[in-house]
A.B. asks: 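Structure below; questions to follow.
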Amino acid sequence: MAKTDEKKFVQHITPRNEDFSQWYTDVILQSELVDYAPVRGCMVVRPYGYAIWERIQQEMDSRFKATGHQNVYMPMLIPESLLLKEAEHVEGFAPEVAWVTQGGNEKLQERLAIRPTSETIFCAMYSKWVGSWRDLPMKYNQWCSVMRWEKSTRPFLRTSEFLWQEGHTIHETAEEAQQETMQMLEVYREVAEEVLGVPVICGRKSDKEKFAGAQATYSMEAMMQDGKALQAGTSHNFGTNFAEAFNIQFLSREGKLEYVHETSWGTTTRLIGAIVMTHGDERGLRLPPRVAPIQVVIVPVAAHKGGVTEVCDRVFTELKAAGLRVKLDDRDTLSPGYKFNDWELKGVPVRLEIGPRDVENGVATVFRRDTCEKSPLPLDGLAQSLPALLDAIQAELFAQAKNYRDAHVTVATDLAQLGAAVETGFAKTMWCGDPACENAIKEQFGATSRNMPFDQTPVSDHCVCCGKPAQKLIYFAKAY
RNA sequence: CGAGGUGUAGCGCAGUUUGGUAGCGCGUUUGGUUCGGGACCAAAAGGUCGCAGGUUCAAAUCCUGUCACCUCGACCA
């Protein structure tokens, strides 16, 4: 088992440690996940990138269904009057809403917002659909795109239009709504960690960072390889804020008119950016097997020589029948070396090289993308040995990411330590609860509070900023 | 919205200072030889130099305006 020589593969990507930002751009463009669109701030998600999104959708959607949610579709346009109903919500989103002011040749009486999020329209419908406690809960989700007129954009991380899912639910009691909020955050954590291999820290957002109009916002935060935080998913408990603004009432078991308790939760194509920046290396993407559109690629070597094509075809058929996502790279104009680099760039977890030598020995030369090691594996029984290998790769990528993350979380008990910590990763620290301290830290270090994790084991007794008695354990980091 | 940068062949760039036949690499097409880490030979196709105006015998090059995109900040998933 030999690690392949770093010098043998041809370098077209900016090294990570030289310019992480440029590395990211190089990788997503060259691996053909995405391309720039002829519209400002928008991206085109290419087939390979979209296939990853479809994998994420499948994993998410099956869990939504399993927890009793149904999919719906709401219109993309929201009348201004509807958007204005919840004061905090409007204030939060107003600066980044795109408006439709004209239809055909006629100026509209009321301008229409292109949805930045759909709370308002869900609320309008819920108020119409709910009458009795027997109608509750209503647990709906929609897959769609939304538009936010961002000042500066990066593919996947922040674009004017992006794909996402938004769940919106209404409940009879506060307890039930809180339970839903937590449940969906847990679904997100599970997909992030177990499918995408991205370790996350789950916790509650500070008031300063919470969603516009929410009573409480919870998030999962991932650390990228440059030490910056990426908010990878959010789950909100609205309490009755929106219900009161939109008059969503029901007759309770006691025959009284009451407001519903509401939640919403979302994840986006940003998760693809998280995968790239968590696992990627000098050669490009490294995709965890569970999210990889292609898990195993077969590269024939000297396909014209005796038996090679036949063996490749046979292995392809067997693996496909075994339920693996497998591809046979039979492009006949490219050299094996080119294909090796190409599939490494695209992050395919396992490559099988099959040439005359392998055919003779009854093996395939197996390349693991996570470790870049090659070793022979018997052709007989690949359908059994490969799934085990894929599981090992899945586990290895998560372990590598988690080790990296943990190694870059630093306990900080004063501002100097915090300042140093957020240069390389997350600062784990104590906070008095005063937004003034958050503002001061942002001002001085460019770092924001990420969340207050559920495990609140204290690391000191005083606020990292003002020194007053600490209330909460909290993470600070520079964020995407 | 502030600061910077870039627009020349599908992609990446040179040429602009000092105006004078539109260039290079990769890719593409065709034929052949190759194939165990980005193969080689031969031939070929491919351009209103972002757009609009101006100066000039002559503009990719100088002047004025304009548009688009990228990067970094402030705002956000």
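Residue numbering restarts at 1 for every chain, and letters A, B, ... go by the order of the sequence lines.
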A.B. asks: Check F64(A) against V187(A) and note the closest heavy-atom contact, atom names and distance.
C.D. replies: CE2-CG1, 4.1 Å
A.B. asks: State which residues pass side-chain contact (heavy atoms from CB on, under 4.5 Å) with E32(A); sequence neighbours excluded, sorted by chain then number.
C.D. replies: R46(A), K346(A)
A.B. asks: I'd like a table of atom pairs between the protein and nucleotides 2-11 of chain B - only N or O on both sides, under 3.5 Å - with the distance next to each one.
C.D. replies:
none

A.B. asks: For P300(A), answer base if it contacts any base atom (sugar-phosphate contacts may also be present), sugar-phosphate if it contacts only those atoms, and nothing otherwise; contact means non-hydrogen atoms under 4.0 Å.
C.D. replies: nothing
A.B. asks: Any donor-acceptor pair under 3.5 Å joining the side chain of R158(A) to the base of rC76(B)?
C.D. replies: yes
A.B. asks: Would you say E166(A) and H168(A) are linked by a side-chain donor-acceptor pair, where the criterion is simply a distance under 3.5 Å?
C.D. replies: yes
A.B. asks: What's the closest nucleotide to the side chain of N341(A) if the choices are rC35(B), rG38(B), rC76(B)?
C.D. replies: rG38(B)
A.B. asks: Given atom NE2 of H89(A) and atom P of rC76(B), what is their separation to the nearest angstrom?
C.D. replies: 14 Å
A.B. asks: Measure the distance from CZ on R369(A) to P on rG37(B) and round it to the nearest whole Å.
C.D. replies: 17 Å
A.B. asks: Report the base-pairing partner of rA74(B) (Watson-Crick or G-U wobble, both distances below 3.5 angstrom), or none.
C.D. replies: none
A.B. asks: Can E59(A) and R63(A) be counted as an ion pair, charged N to O under 4.0 angstrom?
C.D. replies: yes
A.B. asks: Roughly how far apart, to the nearest Å, are rU55(B) and rA14(B) at atom C1'?
C.D. replies: 27 Å
A.B. asks: Please give the distance between the P atoms of rG65(B) and rG4(B) as a whole number of Å.
C.D. replies: 16 Å
A.B. asks: Look at all strands and tell whether E96(A) reaches a base, only sugar-phosphate, or nothing, counting heavy atoms closer than 4.0 Å.
C.D. replies: sugar-phosphate
A.B. asks: What's the gap between rG12(B) and rU18(B) when it is taken at their P atoms, as a whole Å value?
C.D. replies: 29 Å
A.B. asks: C1' atom, rG27(B) versus rU71(B): distance in rounded Å?
C.D. replies: 27 Å
A.B. asks: Tell me, please, which residues at least two apart from Y338(A) pass side-chain contact (heavy atoms from CB on, under 4.5 Å).
C.D. replies: L334(A), S335(A), D342(A)
A.B. asks: In whole Å, measure the gap between the P atoms of rC13(B) and rC57(B) for me.
C.D. replies: 37 Å
A.B. asks: Rounded off to whole Å, could you give me the CD1-to-C1' distance for the I298(A) and rG36(B) pair?
C.D. replies: 17 Å
A.B. asks: Show me the pairs that pass side-chain hydrogen bond (donor to acceptor under 3.5 Å, both in side chains) and involve residues 196-205 of chain A, at least two apart or across chains.
C.D. replies: K205(A)-E221(A), K205(A)-Q231(A)
A.B. asks: List the residues meeting side chain to side chain donor-acceptor pair (under 3.5 Å) with Y188(A), not counting sequence neighbours, and say none if there are none.
C.D. replies: Q165(A)
A.B. asks: Between protein and nucleotides 67-71 of chain B, what N or O pairs are separated by less than 3.5 Å?
C.D. replies:
from	atom 1	to	atom 2	distance (Å)
rC69(B)	OP1	R40(A)	N	2.6

A.B. asks: Using atom C1' in both nucleotides, what's the gap between rG2(B) and rU8(B) to the nearest angstrom?
C.D. replies: 30 Å
A.B. asks: Between the base of rG38(B) and the side chain of D342(A), is there a donor-acceptor distance below 3.5 Å?
C.D. replies: no
A.B. asks: Considering only atom P, compute the distance from rA22(B) to rC69(B) and round it to an integer number of Å.
C.D. replies: 31 Å
A.B. asks: Contact class for Q231(A) vs. all strands (heavy atom < 4.0 Å): base, sugar-phosphate, or nothing?
C.D. replies: sugar-phosphate
A.B. asks: Partner lookup for rC57(B), please. Criteria are Watson-Crick or G-U wobble with both distances under 3.5 angstrom; report none if nothing qualifies.
C.D. replies: rG20(B)
A.B. asks: Looking at the side chain of R283(A), which of rC35(B), rG37(B), rC76(B) is the nearest nucleotide?
C.D. replies: rG37(B)
A.B. asks: When the P atoms of rC26(B) and rA39(B) are considered, how many whole Å apart are they?
C.D. replies: 12 Å
A.B. asks: Residues two or more places apart in sequence or in another chain: which of them pass side-chain contact (heavy atoms from CB on, under 4.5 Å) with F162(A)?
C.D. replies: V146(A), R148(A), T159(A), W164(A), T268(A), T269(A)
A.B. asks: Applying the Watson-Crick and G-U wobble criteria at under 3.5 Å, what pairs with rA39(B)? Answer none if nothing qualifies.
C.D. replies: rU33(B)
A.B. asks: Give a yes or no on whether the backbone of T153(A) and the side-chain of E150(A) come within a donor-acceptor separation of less than 3.5 Å.
C.D. replies: no
A.B. asks: When you match V359(A) and T234(A) each to their closest nucleotide on RNA chain B, which lands nearer the 5' end?
C.D. replies: V359(A)
A.B. asks: Give me the residues of residues 325-340 of chain A where at least one heavy atom lies under 4.0 Å from an atom of RNA chain B, by number, or none.
C.D. replies: S335(A), P336(A), G337(A), Y338(A), F340(A)
A.B. asks: Does the S160(A) side chain pair with the main chain of C42(A), one donor and one acceptor, at a distance under 3.5 Å?
C.D. replies: no
A.B. asks: Which nucleotide, in any strand shown, forms a Watson-Crick or G-U wobble pair with rC49(B), with both distances under 3.5 Å?
C.D. replies: none
A.B. asks: Would you kindly give the CZ-to-P distance between F156(A) and rC76(B), to the nearest whole Å?
C.D. replies: 24 Å
A.B. asks: Need the pair for rA68(B). Rule: Watson-Crick or G-U wobble, both distances under 3.5 Å, any strand; none if unpaired.
C.D. replies: rU6(B)
A.B. asks: Which residues satisfy the side-chain contact (heavy atoms from CB on, under 4.5 Å) test with S385(A), sequence neighbours excluded?
C.D. replies: L377(A), L382(A)
A.B. asks: Using the test side chain to side chain donor-acceptor pair (under 3.5 Å), find all partners of Y480(A) that sit at least two apart in sequence or belong to another chain.
C.D. replies: D226(A)
A.B. asks: Would you mind classifying the nucleic acid contact of G355(A) as base, sugar-phosphate or nothing, using non-hydrogen atoms under 4.0 angstrom?
C.D. replies: base
A.B. asks: Could you give all pairs that pass the side-chain hydrogen bond (donor to acceptor under 3.5 Å, both in side chains) test and reach residues 434-446 of chain A, with sequence neighbours left out?
C.D. replies: S206(A)-E438(A), K208(A)-N439(A), E438(A)-S449(A)
A.B. asks: Quick one: on RNA chain B, does L157(A) or Q30(A) contact a more 5' nucleotide (nearest heavy atom)?
C.D. replies: Q30(A)
A.B. asks: Send over the distance from F367(A) CZ to rG36(B) C1', rounded to a whole Å.
C.D. replies: 14 Å
A.B. asks: If you check the R351(A) side chain, which of rC35(B), rA74(B), rG37(B) turns out closest?
C.D. replies: rG37(B)
A.B. asks: For E209(A) and rC76(B), what is the distance between atoms CD and P respectively, to the nearest whole Å?
C.D. replies: 7 Å
A.B. asks: May I ask which nucleotide in the shown strands pairs with rG25(B), Watson-Crick or G-U wobble, both distances under 3.5 Å?
C.D. replies: rC11(B)
A.B. asks: Which pairs of donor and acceptor atoms, one on a side chain in residues 290-306 of chain A, lie under 3.5 Å apart (sequence neighbours left out)?
C.D. replies:
from	atom 1	to	atom 2	distance (Å)
R290(A)	NH1	E194(A)	O	2.6
Q295(A)	OE1	R325(A)	N	2.9
Q295(A)	NE2	P289(A)	O	3.1

A.B. asks: With the threshold set at 4.0 Å, does a side-chain nitrogen-carboxylate oxygen contact exist between R368(A) and D370(A)?
C.D. replies: yes
A.B. asks: Does a distance-only test, which skips hydrogens and angles, find a donor-acceptor pair under 3.5 Å between the side chain of S152(A) and the base of rG73(B)?
C.D. replies: no
A.B. asks: Is K442(A) close enough to rC75(B) that one of its side-chain N or O atoms is under 4.0 Å from OP1 or OP2 there?
C.D. replies: yes
